[in-house]
Each structure stands twice: as structure tokens, then as C-alpha cells.
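Remarks on the structure that follows.
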2 protein chains.
Amino acid sequence: MHELLRLAPLFQGLSDKELSPFVHTAQRQQFKPGEMLFAAGDVAEAFFLLIKGNVRLYRLSPEGREKVIEIVPSGQTFAEAIVFLNKPYPVFANALDETEVLRIPAKVMLKELHNNSDLAVHMLARLSIHLHKFVNDIHALTLSNAKQRIAGYLLAFIDEQAQQHKVCLPANKATIASRLGLQPETFSRVWSSLKKEEIILEYNDHIVIHSPDALRALLDPS
Amino acid sequence: MHELLRLAPLFQGLSDKELSPFVHTAQRQQFKPGEMLFAAGDVAEAFFLLIKGNVRLYRLSPEGREKVIEIVPSGQTFAEAIVFLNKPYPVFANALDETEVLRIPAKVMLKELHNNSDLAVHMLARLSIHLHKFVNDIHALTLSNAKQRIAGYLLAFIDEQAQQHKVCLPANKATIASRLGLQPETFSRVWSSLKKEEIILEYNDHIVIHSPDALRALLDPS
DNA sequence: CGGCAGTTTGACACTTCTCAAACTGTGTGG
DNA sequence: CCACACAGTTTGAGAAGTGTCAAACTGCCG
């Protein structure tokens, strides 16, 4: 259990003793593809550490359409921010795959944060990174066209995985399109143009980014 | 000086003693309209508390156009997130009006956060609120059309000021347009349609939101 | 085989962007 | 006091990008 918690950057570097309040109160939960973890408006008494799978965070527009805010990969915590806000969840969350999470009570977290300033600084660092990512997103969602957004999305992948240019998409294309603020049709058209230009190659279960430089060129036409 | 610091939600509820490290290291700075506080890429050794005026945080697109990420009103802190990230500023910041800030060294903040878990929890709460606002923004910037974005922007004002439907815009229209991911021309057209429908009234130095309900109806066509 | 979800393609409509020009108010210098 | 310049805003016309609706296609599973 300690090892599971240390999966998350949030808990890395903490001693077994520091982690024990979480070990004793966290619940392990499993979800099937499509199952809901929570709904927007639900009372928020816990945040989550994603052990396995991918989770989709989304909202509904007034017209009832879904807008994906984030696709959370395993190893990440999510909904941490609600620990401090006495508010219901602002988004819906459902599992994209066979998914496993640790459900960590907000009360426990809040108490430990008051006791342990190291943990608090960890969490601050994590929220800061998150905030900066959102700044990036806001920038990308408004200033660029569909091709640039997809380029940026793909580049974020090879930066994170750092090693290879082989990428497994975390969700189906319609979900990624929504995350990027695009219609599935628009996404599909741009996607096939990237394939036609041989910037990306598509296989059954993964893609290969054949020319990252071409993607960068789309974003930085200097 | 203590009173100035307590302007910010971040420092509210802290004792004089807890505040003294900041009192002794914070620098008071003044800026004229248009002057730069910092540029994207600058080494980030401090964050800011805005005492007077409004500050515009923006980025440059690859093509060199400005995209406003945030318009910071007085009383708020900004660029706090860089305290934890060993990175340069991700945005440009310039003054919109005659502006006064407290410049607070990141090192001091970091040290105090380790000593004072109350302060850390305060800051966590503040970043959480910020994060939730960005979630709102991302949602608004992608799912809605120009009229809905402007409606949402105006409604945020009367919610915050809570009292009246009289609003002083914090920046010129082109800046607000950029913040909303719109061209100045598009903003102007929608703006005049709102005036024609008498949903808003425009005066020399302020506007009056004559029919908040009409704005809400634009966002929630249930 | 049939059904289904996910994806792709096509044709068209519509919003928004772009470029250009005119208009407004304000401040400056003659 | 007027003429002028200037930034900010507004208006117009056309182009471009994306959304919408409909239909066909694909792979997978019962």
C-alpha cells in the first residue's frame, strides 16, 4: 500500500510513518470502462490516486454536450483541489478503461497538511504544475487552429514519455477531439492530413510520430 | 505594511509575527500604464501582490500575437505558482493602469511555507480556487460562441461585486476580447448587439448590466 | 450473419477571422 | 482656438476555418 501511494508525485519522498494515515483510510476501488467515479454536483469528500487505467474528466454544456477537461493517466492524483473548497465536484469523472483507484478522504488530507508542511509543499508544487498546464491549455485552445492544437497535444506526449516516438493514445479519438475543443469530424480530417504528410503513422494499438520536427514547425513558424 | 499584505486572501488571518518575514523582504514597486513587470522567460525570483491598478498577463503566439491569459484585479496575488517551479515566468505581465505592487521573494515564501503549515494551507486553498476558475475558463473558451463567452464574462463580474449591476471594465475592449479568445472586431459586433437588445447600457467610464437574466438565458437555454 | 460503436468522408451552412476603411474622443503643437 | 495625429473602436465585405447533418465505412463481438 505504501508503494501504491508513492506512485503519485504527491506522496513521493514521504516516510512510511508520514504515509500511514493515508494507508489506513484510503479505499481501493475498481471501475469498468465507462463506469462513473463521481458526477458534477456530488458532495466531494475525497480525492483520488489513479493506480491503473485512464480517467476522463468532463463537463456538460448547457445544451448537454460533453466537453472533456482532462484525460488523467495512471500514477496521477486528481480532484485534489476540492480538498480545500467546500464545494461539490465541478466535473464528471468516468473510467476509460479497466481502472483502479485509491480514494483518499479529504478530511484526512486536510489534517495531515496541517501537521506536515513537507506534504503541503509537495502538494503546492503539484497544484502549481497543474496550473501551468492549464495556462498552456488556455493559450492553445484560443490562439491556434485545429492542426496546431493536435500538434501541441502530440508533442506533449513525446516530451513526457521522453524515450521513444511511439505513443499509445489514452482515449478514443472523439474524446481527444473534445479535450482539444474540436468536433470528431474536424479531428479526423486533420488527423488524416497528418498521416498523408507522413508526420505520424497509425497502427492498430499505437501511433508513431515519424517527424516531431514537422509538428514543432507547425507550432513555431519562425 | 502588515495591512497591505493582508489585502490578499493569501495572507489574511496571519499574525503580525507570521507576516514579519514578508514585511522585511517585500519591495514596493510602482508602474505606469503599459510598463512591463516581467517578461516570459525572465528568471522568476519573486511573486507579486497587486495593491493598486490592474495587471495583464499574456503570452505571444508563434505568429507574435498577444493572447491575454488573465486580467488581475487589485488585491490579488499573481505568479505565486512559480515559487515551486524552478522555471522562468511563463507569461508576460504589464500594467494596465497606474499600478502598485509588493514584490515578494520566492525564497522567503518557500522558507515560510516549510515553517508555517497554516500559510501553506492558505496558499493551497488559493491555488485550488485558481485552478477551478481555469477549469471554468477552459470550458467557456471551447464550448460556447462569442455571445455566450461575453455573457459569462459579464456575469462573473456581478457575482463577484455582488452588490450592483454597475461594472467598471478593468481593461480596454481589445484586451478583454483577447482574454475571451476573440478578435476585437468580433467583440465589438457582439457588444453592440447586446446594447441594441438593451441587455447592457454603456456610459463613459462604466457599464450597467440592465438584464442579468437575459445574460443567464444565453448560457442556460433550458 | 447482423448489429453496433467508432471513424471517415462529403456537402453545405454558419460563425468567426481578416483586411480595409471610417469614425470617435483625446491630447498635442502650431 | 483650430488643425492634426493617434489610439481605440466601429462598420463593411469577403475569405477561411470549423461545425453540422447525413451517409458510408471499418472492425469487433454476440
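From a predicted model like this one, the values you see are computed outputs, not experimental measurements. In what follows, chains carry the letters A, B, and so on, assigned in the order in which the sequence lines appear, proteins first and then strands, with residues in each chain numbered from 1. These values consider heavy atoms only, across backbone and side chains, with no hydrogens, waters or symmetry-generated copies.
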key: Residue closer to the 5' end of DNA chain D, V190(A) versus F187(B) (nearest nucleotide)   = F187(B)
inquiry  = Strictly distance-based, threshold 3.5 Å: is any side-chain N or O of S61(A) a donor or acceptor partner for the main-chain N or O of R65(A)?
reply    = yes
Using a cut-off of under 3.5 Å, enumerate the N/O to N/O pairs linking the protein to nucleotides 12-16 of chain D.
residue	atom	partner	partner atom	Å
dG12(D)	N7	R189(B)	NH1	3.0
dG12(D)	O6	R189(B)	NH2	3.2
dA13(D)	N6	R189(B)	NH2	3.4

request  = Sequence neighbours left out, what passes ring-ring contact (aromatic ring centres under 6.0 Å, His included) with H130(B)? Give chain and number order.
outcome  = F134(B)
inquiry  = For chain A and DNA chain C, what are the first and last nucleotides along the strand, 5' to 3', with at least one atom under 4.0 angstrom from a heavy atom of the protein chain?
reply    = dG6(C) to dA11(C)
request  = With heavy atoms under 4.0 Å as the rule, sort G34(B) into base, sugar-phosphate or nothing.
outcome  = nothing
key: Protein-nucleotide distance (L96(B), atom CG; dG8(D), atom P), rounded to Å   = 11 Å
query = At under 4.0 Å between heavy atoms, what does R149(A) touch on the DNA or RNA strands: base, sugar-phosphate, or nothing?
reply = nothing
ask   = Under the side-chain contact (heavy atoms from CB on, under 4.5 Å) test, which residues partner T77(A), sequence neighbours left out?
value = A8(A), L10(A), F47(A), L49(A), E80(A), R126(A)
query = With sequence neighbours left out, what residues match K52(A) under salt bridge (charged side-chain N to carboxylate O under 4.0 Å, His left out)?
reply = none
task = Only counting residues at least two apart or in another chain, list the ones meeting side-chain hydrogen bond (donor to acceptor under 3.5 Å, both in side chains) with T175(A).
result = N172(A)
ask   = With sequence neighbours excluded, what pairs up with D205(A) under the side-chain hydrogen bond (donor to acceptor under 3.5 Å, both in side chains) test?
value = none
request  = For N172(B) and dA7(D), give me the distance from atom CG to atom C1', rounded to whole Å.
outcome  = 9 Å
inquiry  = Just the rounded figure in Å: distance from C1' of dT11(D) to NZ of K173(B).
reply    = 14 Å
task = Using whole Å, report how far CD of Q183(B) lies from C1' of dG8(D).
result = 15 Å
Can you list, pair by pair, the side-chain donor-acceptor contacts under 3.5 Å of residues 27-36 of chain B, counting residues two or more places apart and other chains?
residue	atom	partner	partner atom	Å
R28(B)	NE	E100(B)	OE2	2.8
R28(B)	NH2	E100(B)	OE2	2.9
E35(B)	OE1	K32(B)	N	2.6

query = K173(B): what forms a side-chain contact (heavy atoms from CB on, under 4.5 Å) with it, not counting sequence neighbours?
reply = F187(B), W191(B), E202(B)
request  = Sugar-phosphate means primed atoms, P, OP1 and OP2; the rest is base. With that split, encode nucleotides 25-30 of chain D 5' to 3' as B, S or - using protein heavy atoms under 4.0 Å.
outcome  = ------
ask   = In terms of ring plane angle, is the pair Y89(B) and F48(B) parallel, tilted or perpendicular, where the classes change at 30° and 60°?
value = tilted
ask   = What nucleotide among dT20(D), dT11(D), dG19(D) has an atom nearest to a side-chain atom of S192(B)?
value = dT11(D)
message = Taking salt bridge (charged side-chain N to carboxylate O under 4.0 Å, His left out) as the cut-off, I'd like each qualifying pair that reaches into residues 147-158 of chain A, sequence neighbours left out, listed once.
response = K147(A)-E197(A)
task = To the nearest Å, give me how far apart CG (L143(B)) and P (dG19(D)) are.
result = 11 Å
Tell me which donor-acceptor pairs under 3.5 Å the side chains of residues 179-186 of chain A have, and how far apart each pair is, sequence neighbours excluded?
residue	atom	partner	partner atom	Å
R179(A)	NH2	D137(A)	OD1	3.0
R179(A)	NH2	D137(A)	OD2	3.4

